[in-house]
Amino acid sequence: MLDIRLIREQPEFVKASLARTGVAPDQIDTLLEYDEQRRKLLREVETLKATRNTVSKEIGKMANAADRDARIAEMRTLGDRISAIDREVAMVEQQQQAALLELRNLPHPDVPDGPDEEHNVVIAQEGEPRTFDFEPKPHWELGTALDIIDFDRGVKLSGSRFYVLKGAGARLQRALIQWMLDLHGAQGYEEVYTPFVVKEQCMWGARQLPKFRDNLYRDVEDDLWLVPTAEVPVTNLHRDEIFDPEQLPRSYCAYTPCFRREKMSAGRDVRGIKRGHQFDKVEMYKFVRPEESYAELERMREDAADTCRKLGIPFRVKALCTGDLGFASTRTYDLELWAPGQNEWLEVSSCSNVESFQARATNIRYRPAIGARPEFVHTLNGSGLGLPRTMIAIMENYQQADGSITIPDALRPYMGGLEAIRPR
RNA sequence: GGGGAGGUCGCAUAGUGGCCUAGUGCGCGGCACUGGAAAUGCCGUAGGGCGUAACCCGUCCUCGUGGGUUCAAAUCCCACCCUCCCCGCCA
């Protein structure tokens, strides 16, 4: 969530920044009216409370019964006024909070302007798409022929957008997870294993709520929500904590399944494993000092790029434009692997700086120096990488004319030395 | 699921309506003593809101959370959350 003080002190700057993402300025004006009203009421009620506190102490020491009763009567009246104003304060605060939670983060000045994803800017590309002396197949054909992806039985178990990985396919995904965690470990990220279901409060803290309510699965009986990304539990690891100066930056990586209820358009990405209600992901996450967050974003982008690079698959990096920037993000880089079978670039990673947007909602702070006032940290998140799409890219790039799939060198140690997945 | 005990300052504890402006010990920071240290002594050590307010200062709020009673609540009442112990069930 945004800093109300920033909005109060620099409303024009906030409006101009938000306008770049299509947010109307009157939302800010409404918010400022709540803020003004809230502060006015607070000033009033706090003066009354100060009086009551003082007089109540005097009452405790008074000997004269008549005086005492008179004062008590006065304070009773005062108390009623206080209660009335307190109720108004609570109401205004609630409205202000709700309005604040609806507001997205401000884009960084360097983010390119643009209404939609067509205006994202490719800023780097590595590797040339392989030339085939045969017609490359899409992964769903390869996977079915090799009997490593079973779409029909996935549907039998759980409905559309679910699938079963089998044999070397299941093992390939497991190998990727292990390999990525090891790689990120070497890059300086501490591995954590978290719960895959969390309390509602965690969803608010990671800013999934209120915006993405419809995309979340939850248990009917208990207050438990299935994580849509490891970002949710990892953000909340340090909720309500204050870091000492030397504890930052702190980097984590985590493997989790991700559950997304999103109602997917029938005509889009229907084939294969590109978009499902359940997918696996290895996530990178950082808690950093504000002044370091953009340098750390570049590092995270490079860590994700290195993951793509080591797989030996062509990839490119895009800077998202204002129109495609996520709700919480100030700046995002997407990494895309080339998929020759589908003939498209696949988004496998999204690295974002959210600055203090999540830290403010989760109350995660640090002390710039011993004895100094705590300040909010900046947090960053990035996929490293999404598994199904990485699987697609491997299958389609490493496919051979006979329908077999060569295992990338980096993964062979994790596949028991297996060099290729061949038809059974 | 059943029964019991608890949640107070970084940690450990005291506090059962007004003398709580939450005490004490440990830890931490500073100072003194010292050749230097230990020991000792002194001082200081939560967070947030409001006040045009970064520091100082003032004020309000926070003793698990939310309500309530009262002139006044850490303390009394209600609901909820969490932790620990015992029993049952269980990979």
Side-chain angles (χ1 to χ4, degrees), chain A residues 1-13 31-101 193 195-205 218-219 221-225 233 236-248 289-291 356 359-377:
Chain A
M1 98 181 102
L2 290 175
D3 184 0
I4 184 63
R5 266 188 249 182
L6 175 72
I7 299 172
R8 189 190 301 153
E9 285 160 20
Q10 300 183 51
E12 295 312 314
F13 166 74
L31 199 52
L32 287 173
E33 282 166 33
Y34 290 142
D35 185 50
E36 184 54 43
Q37 179 70 2
R38 178 182 66 96
R39 287 187 298 151
K40 180 178 154 252
L41 290 168
L42 275 179
R43 280 187 297 253
E44 192 182 345
V45 76
E46 283 179 8
T47 310
L48 299 180
K49 282 182 180 175
T51 305
R52 182 174 68 180
N53 287 345
T54 313
V55 174
S56 287
K57 271 183 195 159
E58 288 167 10
I59 289 174
K61 294 169 187 157
M62 288 171 85
N64 184 309
D67 290 352
R68 196 183 144 97
D69 290 347
R71 296 301 258 170
I72 287 177
E74 272 176 45
M75 288 307 105
R76 192 173 295 146
T77 313
L78 189 65
D80 291 343
R81 281 183 64 200
I82 289 173
S83 305
I85 302 173
D86 266 345
R87 273 192 291 274
E88 281 186 70
V89 169
M91 215 154 62
V92 174
E93 260 174 6
Q94 202 182 338
Q95 285 172 314
Q96 179 183 317
Q97 188 71 0
L100 206 50
L101 286 169
Y193 167 86
F196 300 159
V197 291
V198 296
K199 301 183 203 174
E200 179 178 341
Q201 190 186 357
C202 294
M203 292 297 184
W204 287 95
R218 62 176 175 278
D219 183 76
E221 317 231 305
D222 296 314
D223 176 27
L224 288 175
W225 301 58
N236 282 278
L237 279 180
H238 294 292
R239 191 174 67 215
D240 295 320
E241 292 182 20
I242 300 176
F243 288 104
D244 286 328
E246 74 280 3
Q247 293 178 302
L248 298 178
R289 298 159 189 261
E291 65 270 22
S356 57
R360 187 167 282 107
T362 35
N363 197 28
I364 303 172
R365 294 168 294 172
Y366 80 109
R367 249 178 244 287
I370 293 167
R373 276 167 71 92
E375 288 176 25
F376 290 111
V377 300

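Here is the naming used below: chain letters follow the sequence lines, and residue numbers restart at 1 for every chain.
Take the nearest nucleotide of RNA chain B for A:Arg373 and for A:Arg8: the residue whose nucleotide is more 5' is A:Arg8.
Base-pair partner of B:C89: not found among the strands shown (Watson-Crick or G-U wobble, both distances under 3.5 Å). Of the nucleotides present, none pairs with B:C19 by Watson-Crick or G-U wobble criteria with both distances under 3.5 Å. Under the Watson-Crick or G-U wobble criterion, with both distances below 3.5 Å, B:A5 is paired with B:U83. The partner of B:U24 is B:A12, by the rule that a Watson-Crick or G-U pair needs both atom distances under 3.5 Å. Base pairing annotation: B:G41 forms a Watson-Crick or G-U wobble pair with B:C31, both donor-acceptor distances under 3.5 Å. Of all nucleotides present, none satisfies the Watson-Crick or G-U wobble test against B:A72 with each distance under 3.5 Å. Taking a pair to require two hydrogen-bonding distances under 3.5 Å in either a Watson-Crick or a G-U wobble arrangement, B:C55 remains unpaired.
For the C1' atom pair drawn from B:G44 and B:A37, the interatomic distance equals 23 Å after rounding to whole Å. One P atom belongs to B:G49, the other to B:G68, and the distance between them is 24 Å to the nearest Å. Here, B:C11 and B:C28 have their P atoms 15 Å apart, quoted to the whole Å. On the P atoms, B:U21 is 9 Å away from B:A74, given to the nearest whole Å. Annotation: B:U59 and B:U52 have their P atoms spaced 16 Å apart (nearest Å). Comparing B:C84 with B:A91, their C1' atoms sit 23 Å apart, to the nearest whole Å. Going from the C1' atom of B:C61 to that of B:G2 covers 40 Å, rounded to whole Å. When the P atom is used for both B:G47 and B:C42, the distance is 25 Å, rounded to whole Å.
A salt bridge between A:Arg39 and A:Glu36 is present, with a side-chain N of the basic residue lying under 4.0 Å from a carboxylate O of the acidic one.
Of all the residues in residues 69-84 of chain A, A:Ile72, A:Met75, A:Arg76 reach under 4.0 Å from RNA chain B with at least one non-hydrogen atom.
The interatomic distance linking A:Gln96 (CD) with B:G49 (C1') rounds to 11 Å, in whole Å. Going from atom CG of A:Asp35 over to atom C1' of B:G51 covers 14 Å, rounded to whole Å. Distance, A:Glu241 CD to B:G47 P: 15 Å, rounded to whole Å. What separates CZ of A:Arg68 from P of B:U70 is a distance of 15 Å, to the nearest Å. The separation between A:Ile59 atom CD1 and B:U70 atom P is 14 Å, rounded to whole Å. Between the P atom of B:G48 and the CZ atom of A:Arg360 lies a distance of 12 Å, rounded to the nearest Å. With rounding to whole Å, A:Gln201 atom CD is found 19 Å from B:C80 atom P. What separates CG of A:Leu41 from P of B:G49 is a distance of 18 Å, to the nearest Å.
Nearest nucleotide to the A:Ile242 side chain, out of B:G18, B:G49, B:G47: B:G47.
Contact of the A:Asp219 side chain with the A:Val197 side chain is not registered, since no non-hydrogen atoms from C-beta on lie closer than 4.5 Å. At a threshold of 4.5 Å between non-hydrogen side-chain atoms, the residues A:Ile364 and A:Glu241 do not count as touching. Put simply, the side chain of A:Gln247 does not reach to within 4.5 Å of the side chain of A:Tyr366, judged on heavy atoms. Taking 4.5 Å as the limit, every side-chain heavy atom of A:Gln95 sits out of range of all side-chain heavy atoms of A:Gln37.
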Below 3.5 Å between N/O atoms, which protein atoms pair up with nucleotides 57-68 of chain B? Just atom names and distances, please.
from, atom 1, to, atom 2, distance (Å)
B:C60, OP1, A:Asn53, ND2, 3.0

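The side chain of A:Lys57 contributes an N or O atom lying less than 4.0 Å from OP1 or OP2 of B:U21. Taking only side-chain nitrogens and oxygens, A:Arg39 never comes nearer than 4.0 Å to OP1 or OP2 of B:C50. In this model, the phosphate group of B:G49 is approached by a side-chain N or O of A:Arg5 to a distance below 4.0 Å at OP1 or OP2. OP1 and OP2 of B:C28 both lie 4.0 Å or more from every side-chain N or O belonging to A:Arg367. At the phosphate of B:G49, neither OP1 nor OP2 sits under 4.0 Å from any side-chain N or O atom of A:Arg38.
Neither side chain, A:Arg52 nor A:Ser56, offers a donor N or O lying under 3.5 Å from an acceptor on the other.
A:Arg68 places a side-chain N or O within donor-acceptor distance of the main-chain N or O of A:Ile59, the cut-off being under 3.5 Å. The main-chain N or O of A:Met1 is found under 3.5 Å from a side-chain atom of A:Arg360 such that the two form a donor-acceptor pair.
For residues 76-97 of chain A, the pairs satisfying salt bridge (charged side-chain N to carboxylate O under 4.0 Å, His left out) are A:Lys49-A:Asp86, with sequence neighbours left out.
Note that CG of A:Leu78 is 5.0 Å distant from CE of A:Met75, once rounded to the nearest 0.5 Å.
In this structure, A:Val198 and A:Pro233 approach most closely via the heavy-atom pair CG1-CB, 4.3 Å.
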For A:Ser356 and A:Glu375: C-alpha separation, side-chain torsions, deciding distance, then whether side chain to side chain contact (heavy atoms under 4.5 Å, CB included) applies. CA-CA 9 Å; A:Ser356 57; A:Glu375 288 176 25; over 6 Å; no

